[in-house]
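Just so it is clear, the structure is predicted and the values come from calculations on it, not from any experiment. Whatever order the structure lists them in is the order used to number ligands and atoms, beginning at 1. For the numbers below, each heavy atom of this structure counts, side chains included, while hydrogens, waters and symmetry mates do not.
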Amino acid sequence: MFRRLLIANRGEIACRIIATARRLGITTLAVYSEADRDARHVRLADEAVCLGPAEAAQSYLDVARLLEAARQLQAEAVHPGYGFLSENAAFAEACVAAGLVFVGPSAQAIRDMGDKRRAKALMAAAGVPVVPGDADVAPQGAAGPAASDAPAAEDPAAEDARLAAAAAAVGYPVLLKAAAGGGGKGMRVVTVAEALPEALAAARREARAAFGDDRLLLEKYLAAPRHIEVQVFADTHGNVVHLHERDCSVQRRHQKVLEEAPAPDLDPALRTALGEAAVAAARAIDYVGAGTVEFLCQDGRFWFMEMNTRLQVEHPVTEAITGEDLVAWQLRVAAGEPLPRAQAEIACLGHALEARLYAEDPARDYLPATGTLWHLRLPAGEGVRVDSGVDPGDVITPYYDPMIAKLVTHGRDRGEALARMRQALAATEIAGVATNLPLLGRILADADFARGAVTTRYLEARPTLAAPAGGELPSALPALAALALHCTDPDAAVAGGPWQQTEAFRLNLPGRVWLEFTLADEAYAGWLVREPAGWRVALEGQPPVSASLRRLPGALDVELAGQRLRPSLARRGDVLMLWLGGESWRICQRRPGETPAAASAPGSLASPLPGQVIAVHVAAGEMVEAGQPLAVVEAMKMEHVIRAPHDGRIGAVNFAPGARVDEGEPLLVLEALD
Ligand code: ADP
């Protein structure tokens, strides 16, 4: 086994790899960008070097800098994690050329599977069923000589014609994917032939921006498949095994949100066939290391979709049911050791779930959110594992993946794993950045999900799960918010705090306190009035209630109108976060005389994220219709189309293509017509 391992990654996966390497007695070597100087993975590693600026292209994606770092730190092996360069054949090759062990498959296997077209052709040749698509209709030279890093340029017009013919042959709806793709980027569902040209153009742009390769692939879009993937492992001695399957059907925009193992309610014969097909797939390309063979399953059949030649984000659910450490397996295989277990020795015990906690704003269609995690409490307990790359006070920047943590629960059966996940989510507290936590909570509370075996259309078909919480506020909440605000208010005249010293405050405090605040977009104002046993909360427009309370560290123990409540609290300045019953609320205290921040100018269309304007489709003075695309902003390698919210006339265009814009900056002014 090597003694010094460079981890060419950041965030939770870098921390995850460090944990295993340390357990195996390997010295851990981290790399970081200037934005990550104080990141957790740097703090955990034995040694670290800075790669360069925050932009990934100049740090985590810079092969030359990484190799230089490996030399400087005297690394013997490199673990690429997932994302970044983990599926970059040139990086794998460069590591080997520099005398380093690359913890992963051969560059050839990465190339074979990294190109989705070529992968499908190879799998079809190996007898694995593949999703019907353009390859069947007009075979390309995909299965020919090895793909290179610089794919031959294609004539876009001829390609578009070929893909249009393929779409007509397999029948709509069809799905466009980037041949070099991943992470759902560049994917477009096209339901009618008329929409194909615009979709092709957009998918190409997105593919070029994200992967530097704009070749596309077209497939039949299956109506309601399940995404089931098989974890495979192979060593350099010819052994190949699988470690059972994972069901990753809960997705949003083709991206995984929740995963589980094993797949619920899967026909045993289908399960066996999937395992065998995955092993056959790995054998067909002389695979070495950890890989995931992804399938779509529908109506008792399955089709190969793609193979990921790396460790997967959701590997912890496999670790939970098998009791194995997949990173340890990777390191052993990379060091030339045989697989630690034979197929028959690989356990499948109980059930495991993983929820991906992301910094995403539900109120803005789950766009990545940024901010400082000024309060962060992650769950712990029996059957609960948390993989995270951040600590309280850390910043979620716009530079990298906005994942905050992965919550993993394991139980004797699916019911127990679900119950533990519900508790884990309810115990999670995050302030400073919007997250998808409410979405995860709603999925775990949903009866259809609890029944199991959902399809990839599950979330899309249930828009209320993703919708920002509106509806009824719990009736006690405004009064609770008022009490919580006052007893966390650093400006309240309460030396020592009245909440522990009931008697003292009666002597020292005024008999009543005026409070103004906003909660769930509503403004509240009213009096807190001292009473012999506590407070009377008299908010305008609300029935007055009596309360007694005790301050606990980070929480409040309240009896309010006969109800016992124990919300958790975190406060920064005039913002108070309150968690209760798995939900959270943001409360803003307003000091009398303050006016709420002025809204942005009416009619202006703001950029949803910090990013770059890549297209402006209109000019000042032009008449537009509701829904018409006006501009495209690229942020985090995704295109966001700004559409006209109503009919009107363009009053001004503030940015030209190529310009960088900040979140909230007005891109265009759209004037309504009277
Ligand atoms: P990426 O590599 O970008 O993650 P994948 O090819 O793995 O893309 O597909 C991601 C998801 O998109 C799948 O899990 C599935 O939900 C959906 N998907 C992909 N191909 C199809 C298809 N042919 N029909 C229906 N859904 C599909």
Side-chain angles (χ1 to χ4, degrees), residues 82-83 86-88 110 112-121 123-124 128-137 163 166-167 169-191 199 203-204 206-211 213-231 245-260 263 274 278 281 291-299 301-310 312-314 356 401 403 453-461 636-639:
Y82 55 70
S86 61
E87 291 181 294
N88 185 306
I110 296 176
D112 284 347
M113 294 295 118
D115 182 323
K116 291 189 194 220
R117 284 190 194 173
R118 184 172 163 75
K120 284 179 73 175
M123 288 302 123
V128 179
V130 300
V131 184
D134 62 306
D136 321 305
V137 176
L163 293 171
V170 299
Y172 287 88
V174 296
L175 181 64
L176 296 176
K177 293 184 187 179
K185 286 168 194 146
M187 276 177 50
R188 284 273 189 299
V189 180
V190 188
T191 50
R204 269 190 213 296
E206 214 166 286
R208 197 179 314 125
F211 313 108
D213 176 351
D214 65 2
R215 290 167 315 130
L216 301 178
L217 154 125
L218 181 144
E219 279 179 359
K220 176 83 193 155
Y221 187 58
L222 297 176
R226 289 175 72 181
H227 173 122
I228 299 182
E229 59 183 36
V230 180
Q231 175 70 57
E245 79 285 351
R246 297 183 285 257
D247 189 326
C248 312
S249 300
V250 180
Q251 302 182 350
R252 214 181 38 73
R253 287 204 203 106
H254 310 302
Q255 299 247 57
K256 297 162 187 169
V257 175
L258 249 157
E259 301 99 339
E260 53 189 305
L274 284 169
T292 294
V293 187
E294 298 190 332
F295 298 97
L296 291 177
C297 301
Q298 189 177 298
D299 308 322
R301 298 177 60 193
F302 68 88
W303 299 270
F304 169 87
M305 191 168 38
E306 65 162 349
M307 179 169 182
N308 291 324
T309 52
R310 53 169 164 83
Q312 206 95 331
V313 174
E314 57 273 23
R356 299 186 183 196
D401 183 274
M403 189 193 277
V454 300
T455 75
T456 58
R457 295 296 183 77
Y458 166 79
L459 271 186
E460 186 188 326
M636 302 203 165
K637 304 246 162 62
M638 298 272 279
E639 289 192 2

Quiz prompt | Structural part of Thr456 in contact with ligand 1, heavy atom criterion under 4.0 angstrom | solution = side chain
Exercise. Would you check, one step at a time, whether the test side chain to side chain contact (heavy atoms under 4.5 Å, CB included) holds for Lys185 with Phe211?
Key: CA-CA 9 Å; Lys185 286 168 194 146; Phe211 313 108; 3.8 Å; yes
Quiz item: Identify the closest protein heavy atom to atom 22 (C) of ligand 1: which residue and atom is it, and at what distance?
Solution: Leu296 CD1, 3.4 Å
Exercise. Check for a donor-acceptor pair, side chain of Arg226 on one end and backbone N or O of Thr456 on the other, with a separation under 3.5 Å.
Key: no
Quiz item: Quick one: nearest non-hydrogen protein atom to atom 18 (N) of ligand 1, plus distance?
Solution: Leu175 CD2, 3.8 Å
Quiz item: Hey, which atoms in ligand 1 end up nearer than 4.0 Å to a heavy atom of His227?
Solution: 13 (C), 14 (O)
Quiz item: Of the protein's non-hydrogen atoms, which lies at the shortest distance from atom 3 (O) of ligand 1, and what is that distance?
Solution: Gly184 N, 2.6 Å
Exercise. Run the numbers for me: atoms of ligand 1, each under 4.0 Å from some heavy atom of Lys177, listed by number.
Key: 6 (O), 19 (C), 20 (N)
Self-check item: salt bridge (charged side-chain N to carboxylate O under 4.0 Å, His left out) partners for Glu314, two or more places apart
Solution: Lys256, Arg356
Quiz prompt | ligand 1 to Tyr221 polar contact by distance, N or O atoms, under 3.5 Å | solution = no
Exercise. Output the distance between atom CG (Leu296) and atom CH2 (Trp303), rounded to the nearest 0.5 Å.
Key: 8.0 Å
Quiz item: Which atoms from ligand 1 have a heavy atom of Val131 less than 4.0 Å away?
Solution: 23 (N)
Exercise. Give the minimum heavy-atom separation between Val190 and Tyr172, together with the two atoms involved.
Key: O-CD2, 3.4 Å
Quiz item: Out of Glu229, His254, Arg457, Glu294, who gets a non-hydrogen atom closest to atom 10 (C) of ligand 1?
Solution: His254
Quiz item: Among Glu460, Glu306, Gln298, Met307, which one has a heavy atom closest to atom 7 (O) of ligand 1?
Solution: Glu306
Quiz item: Looking only at protein heavy atoms, which one is nearest to atom 2 (O) of ligand 1, and how far off is it?
Solution: Lys116 NZ, 2.6 Å
Quiz item: Do the side chain of Gln298 and the main chain of Ala224 share a donor and acceptor less than 3.5 angstrom apart?
Solution: yes
Exercise. Please work out whether any backbone atom (N, CA, C, O) or any side-chain heavy atom from C-beta onward of Lys220 is under 4.0 Å from ligand 1, and answer side chain, backbone, both or neither.
Key: backbone
Quiz item: Where does Met187 meet ligand 1, judged by heavy-atom distances below 4.0 Å: at the side chain, the backbone, both, or neither?
Solution: side chain
Quiz prompt | Under 3.5 Å: donor-acceptor pair, side chain of Asp299, backbone of Arg301 | solution = no
Quiz item: For Glu306, what residues pass the side chain to side chain contact (heavy atoms under 4.5 Å, CB included) criterion, not counting sequence neighbours?
Solution: Lys116, Glu294, Asn308
Quiz item: So how far is it from Glu229 CD to Gln312 CD, rounded to the nearest 0.5 Å?
Solution: 4.5 Å
Quiz item: If you count the atoms of ligand 1 from 1 in the order shown, which ones are under 4.0 Å from a heavy atom of Glu219?
Solution: 20 (N), 21 (C), 22 (C), 23 (N)
Quiz item: When you measure from atom 9 (O) of ligand 1 to every protein heavy atom, which one gives the shortest distance, and what is it?
Solution: Met305 SD, 3.7 Å
Quiz item: Does a donor on one side chain sit under 3.5 Å from an acceptor on the other, for Thr292 and Arg246?
Solution: yes
Practice problem: Would you mind checking which non-hydrogen protein atom is closest to atom 11 (C) of ligand 1, with the distance to 0.1 Å? | Solution: Gln251 OE1, 3.7 Å
Self-check item: Shortest protein heavy-atom distance from atom 24 (N) of ligand 1, along with the residue and atom involved
Solution: Leu222 N, 2.9 Å
Self-check item: Short side-chain to backbone donor-acceptor contact, Gln231 and Gly291, under 3.5 Å
Solution: yes
